[in-house]
There are 2 protein chains.
Amino acid sequence: MDKINLEEFRNIDMNPFDGALKLISGKWKMNLLFCLSEFDTMRYGEIKKTLGSITPHVLSVKLKELEANELIERHEYPQVPPKVEYTLTDKGRTLIPILRSICDWGKEYCVDFQDKQE
Amino acid sequence: MDKINLEEFRNIDMNPFDGALKLISGKWKMNLLFCLSEFDTMRYGEIKKTLGSITPHVLSVKLKELEANELIERHEYPQVPPKVEYTLTDKGRTLIPILRSICDWGKEYCVDFQDKQE
DNA sequence: TCCAATACTATCATTTTTGACCCTAGGTAT
DNA sequence: ATACCTAGGGTCAAAAATGATAGTATTGGA
């Protein structure tokens, strides 16, 4: 009787949210962005070293995706051995506050993660 | 000659960042949190409807993960047909600013995603 | 001549994530 | 008696993401 029309009970536009996620979600992507937000310029090898367990393949795939989405830039120096530097673009830099706040949140709520492994 | 020790060129503590990601990354998870941040209380069916393409199985898996991490709470009403409501916990609510800023970022930088499909 | 250095690529293998589909409980309305 | 309602669970299957491993190019130096 007092049944409401469930077809339109309430709605939300997830598009901008999904759109953002499409660019920044996926393993390693946010880590890469965070790295570059902390250290303006990094070479391929430095990133790899900093992330530790990422494989070269995955790293280059992710770097390419981020570059395709214009969040990072690739600067190649014509020398041997090769030297390639990565930086955030202006668009990428607008993510810095978000990345920082995620890190801060982690500091507050995920500190004891390591030690809790029994 | 001027070779530096690459073993310690620079360092960063990714732990809090990774810790945070561990709780909120993965498909659907942020969407769920975002949903619940927009609508304080939602029933299982409402969430499913709002997210559209999520399957019941995946939805319940994700809800459980978020609950296990104390980001959301499950309130079950002893009635038939069943009624279960989900809300953010206090801890989960601390994510709201982050979720909102991601959405805002998406509005600014990912608006034309839909139309650009040719 | 051969090795070192760097930033990758290519080719699989594997893991992780996601989805399809059907099933259940147990009051209520028909 | 029986279909209906909701919030899932169970069991595969499929797809997507990630990983392992080895290899390439170039040039200066031992």
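Letters A, B, ... mirror the listed sequences (proteins, then strands); counts begin at 1.
- Distance, L59(A) CG to dT9(C) C1': 13 Å, rounded to whole Å.
- Remark: the H57(A) side chain and the dA10(C) base include no donor-acceptor N/O pair separated by less than 3.5 Å.
- Here dT6(D) is the nucleotide among dA22(D), dT6(D), dT26(D) with the atom lying nearest to any side-chain atom of R43(B).
- When each of P56(A) and E85(B) is assigned the nucleotide of DNA chain D bearing its nearest heavy atom, the one mapping closer to the 5' terminus is E85(B).
- Summarising the geometry of L63(B) relative to I72(B), their closest heavy-atom pair is O-CD1, 3.5 Å, with the distance given to 0.1 Å.
- One interatomic measurement links the two molecules: CG of L32(B) to P of dT17(C), which rounds to 15 Å at whole-angstrom precision.
- Going from atom CD1 of I54(B) over to atom C1' of dG19(C) covers 11 Å, rounded to whole Å.
- Distance from the side chain of K64(B) is smallest for dG8(D) among the nucleotides dT9(C), dG8(D), dT18(D).
- In this structure, CG on N69(B) lies 10.0 Å from OG1 on T89(B), to the nearest 0.5 angstrom.
- Among the atoms of the strands shown, only primed sugar atoms or phosphate atoms (P, OP1, OP2) are found under 4.0 Å from some heavy atom of Y86(A).
- Residue K48(A) contributes atom NZ, which lies 14 Å from atom C1' of dA5(C) at whole-angstrom precision.
- Rounded to an integer number of Å, the gap from H75(A) NE2 to dT6(C) C1' is 18 Å.
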*asked:* Assess the residue pair W105(A) and C110(A) against the criterion (side chain to side chain contact (heavy atoms under 4.5 Å, CB included)); give the C-alpha distance rounded to whole Å, side-chain angles, the decisive distance to 0.1 Å, and a yes or no.
replied: CA-CA 8 Å; W105(A) 189 87; C110(A) 310; 3.6 Å; yes

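- Comparing atom distances between the V84(B) side chain and each of dA7(D), dT27(D), dC8(C) picks out dA7(D) as nearest.
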Are L95(A) and L23(A) close enough, and set up right, to give a side chain to side chain contact (heavy atoms under 4.5 Å, CB included), and what steps lead you there?
-> CA-CA 11 Å; L95(A) 284 169; L23(A) 300 196; over 6 Å; no

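- Between the NZ atom of K83(A) and the P atom of dA4(C) there is a distance of 23 Å, given to the nearest Å.
- Annotation for H75(A) and T87(A): closest pair NE2-OG1, 3.2 Å, computed over non-hydrogen atoms.
- Annotation: of the two residues near DNA chain D, P82(A) and V58(A), the 5′-most nearest-nucleotide partner is V58(A).
- The side chain of P81(B) has dG26(C) as its nearest neighbour among dG26(C), dG8(D), dT21(D).
- Dashed line: the shortest gap from a side-chain N or O of S60(A) to OP1 or OP2 of dC8(C) is not under 4.0 Å.
- Note on K29(B): nothing from the nucleic acid sits closer than 4.0 angstrom, heavy atoms only.
- When the side-chain nitrogen and oxygen atoms of W28(A) are compared with OP1 and OP2 of dG19(D), one or more of them lie within a distance under 4.0 Å.
- Distance, R74(A) CZ to dT9(C) C1': 12 Å, rounded to whole Å.
- Of the listed nucleotides (dG19(D), dA22(D), dT26(D)), dT26(D) has the atom at the smallest distance from the side chain of V80(A).
- Rounded to a whole Å, the CG atom of L51(A) is 11 Å from the P atom of dG19(D).
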